[in-house]
Amino acid sequence: MKRILTMTTLVSAAAFGLAACDSEDVENTPVDDIDEIVDNDVDDEPYPLGGDLNEDQQANYDAMDSQAVSDEYDRNMADMQSEMESNGAMSDGEMGGASMSDENSAGNSDDAGAESAMNGSGSSMPARSEMTFSYLDRNDDGQLSVAEYAIWALPTDPNPPEPNDARGPHLTQDEINEAGQTFFYFDDDGDSYLSQDEFQDARNSGRVA
């Protein structure tokens with residue numbers, strides 16, 4: 001009996017020691033793959049960095065019609081939302097048609113086609129880095145207004161609110177002022193619009209800062 005108790009005690013002690021070692025290893029294990037930790041909230045492209053406005057730029061900024069900027073921005077956002085919904089509906093229809101016509105195809109082929117259609121649904125706005133000059137030029141006049149520029153230049157959520165969200169996709173006065181400050185800084189010729197080259201200067205300002 002005494003021998004059995006001794007063996008039991010030794011086994012228990014050994015188990016306790018192993019548990020302690022395992023716990024210590026877990027607590028003291030270094031994070032070797034720290035570079036693999038990615039912050040998903042990091043923006044895909046830096047925002048523009050302007051500077052002090054000269055006298056003419058300041059005059060144009062002071063003359064900016066904030067209400068007109070806000071109204072134009074709202075119209076552009078509504079148009080883009082309609083485009084996204086239309087593109088999403090088209091892709092859904094194409095996916096359904098493809099799956100019906102390929103009923104007798106191999107399963108892997110069907111899966112690949114469905115995934116491709118879903119990825120190309122166009123149901124959300126592009127990343128800021130993918131917003132080209134032509135995409136922002138909503139009225140196709142070859143230049144960007146403050147409202148068109150603001151779609152890219154402001155750290156706001158470009159997607160519309162959810163149906164039960166009371167927040168509208170309009171700009172606040174502070175956001176309009178922020179867009180105007182950098183817009184008129186990069187408006188080199190002072191015509192109150194940004195050309196493609198001027199917009200590229202704004203885009204490059206954030207990348208090299």
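All heavy atoms count here, side chains included; hydrogens, waters and symmetry mates do not. For reference, positions follow the sequence shown, starting with 1.
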- Message: Checking A59 now: which residues fulfil side chain to side chain contact (heavy atoms under 4.5 Å, CB included) with it, not counting sequence neighbours?
- Response: none
- Derivation and outcome, side chain to side chain contact (heavy atoms under 4.5 Å, CB included), residues E45 and R203: CA-CA 9 Å; E45 180 172 323; R203 172 161 264 166; 2.7 Å; yes
- Item | salt bridge (charged side-chain N to carboxylate O under 4.0 Å, His left out) contacts touching residues 135-146 (sequence neighbours left out) | E83-R138
- Which residues satisfy the side chain to side chain donor-acceptor pair (under 3.5 Å) test with S66, sequence neighbours excluded? Q173
- Message: Hydrogens and angles aside, do Q81 and E85 bring a side-chain donor and acceptor to less than 3.5 Å of each other?
- Response: yes
- Item | Donor on one side chain, acceptor on other, Q67 and D71, under 3.5 Å | yes
- Task: Applying side chain to side chain donor-acceptor pair (under 3.5 Å), name anything that partners S82, two or more places apart in sequence or on another chain.
- Result: none
- Message: The criterion is side chain to side chain donor-acceptor pair (under 3.5 Å); which residues satisfy it with D65, sequence neighbours excluded?
- Response: none
- Item | All pairs passing salt bridge (charged side-chain N to carboxylate O under 4.0 Å, His left out) where residues 189-200 contributes a residue, at least two apart | none
- Any chance you could lay out the side chain to side chain contact (heavy atoms under 4.5 Å, CB included) test for D188 and D201, step after step, and finish with the verdict? CA-CA 10 Å; D188 291 332; D201 287 341; 3.8 Å; yes
- Message: Which residues pass the ring-ring contact (aromatic ring centres under 6.0 Å, His included) test with F199, not counting sequence neighbours?
- Response: W152
- Task: Output, in order, the C-alpha distance, side-chain angles, deciding distance and verdict of side chain to side chain contact (heavy atoms under 4.5 Å, CB included) for Y47 and S205.
- Result: CA-CA 8 Å; Y47 291 96; S205 71; over 6 Å; no
- Message: Any non-hydrogen side-chain atom of Y193 less than 4.5 Å from a side-chain atom of L144?
- Response: no
- Message: Restricting to side chain to side chain donor-acceptor pair (under 3.5 Å), what partner residues turn up for Q58, sequence neighbours left out?
- Response: D62
- Task: Give the C-alpha distance, both sets of side-chain angles, the deciding distance and a yes or no for side chain to side chain contact (heavy atoms under 4.5 Å, CB included) between M64 and F183.
- Result: CA-CA 11 Å; M64 178 180 64; F183 177 91; over 6 Å; no
- Item | Distance-only donor-acceptor check, side chains Y149 and T182, under 3.5 Å | yes
- Item | Which residues share a side chain to side chain contact (heavy atoms under 4.5 Å, CB included) with E72, sequence neighbours left out | R75, N76, S145, A147, E148
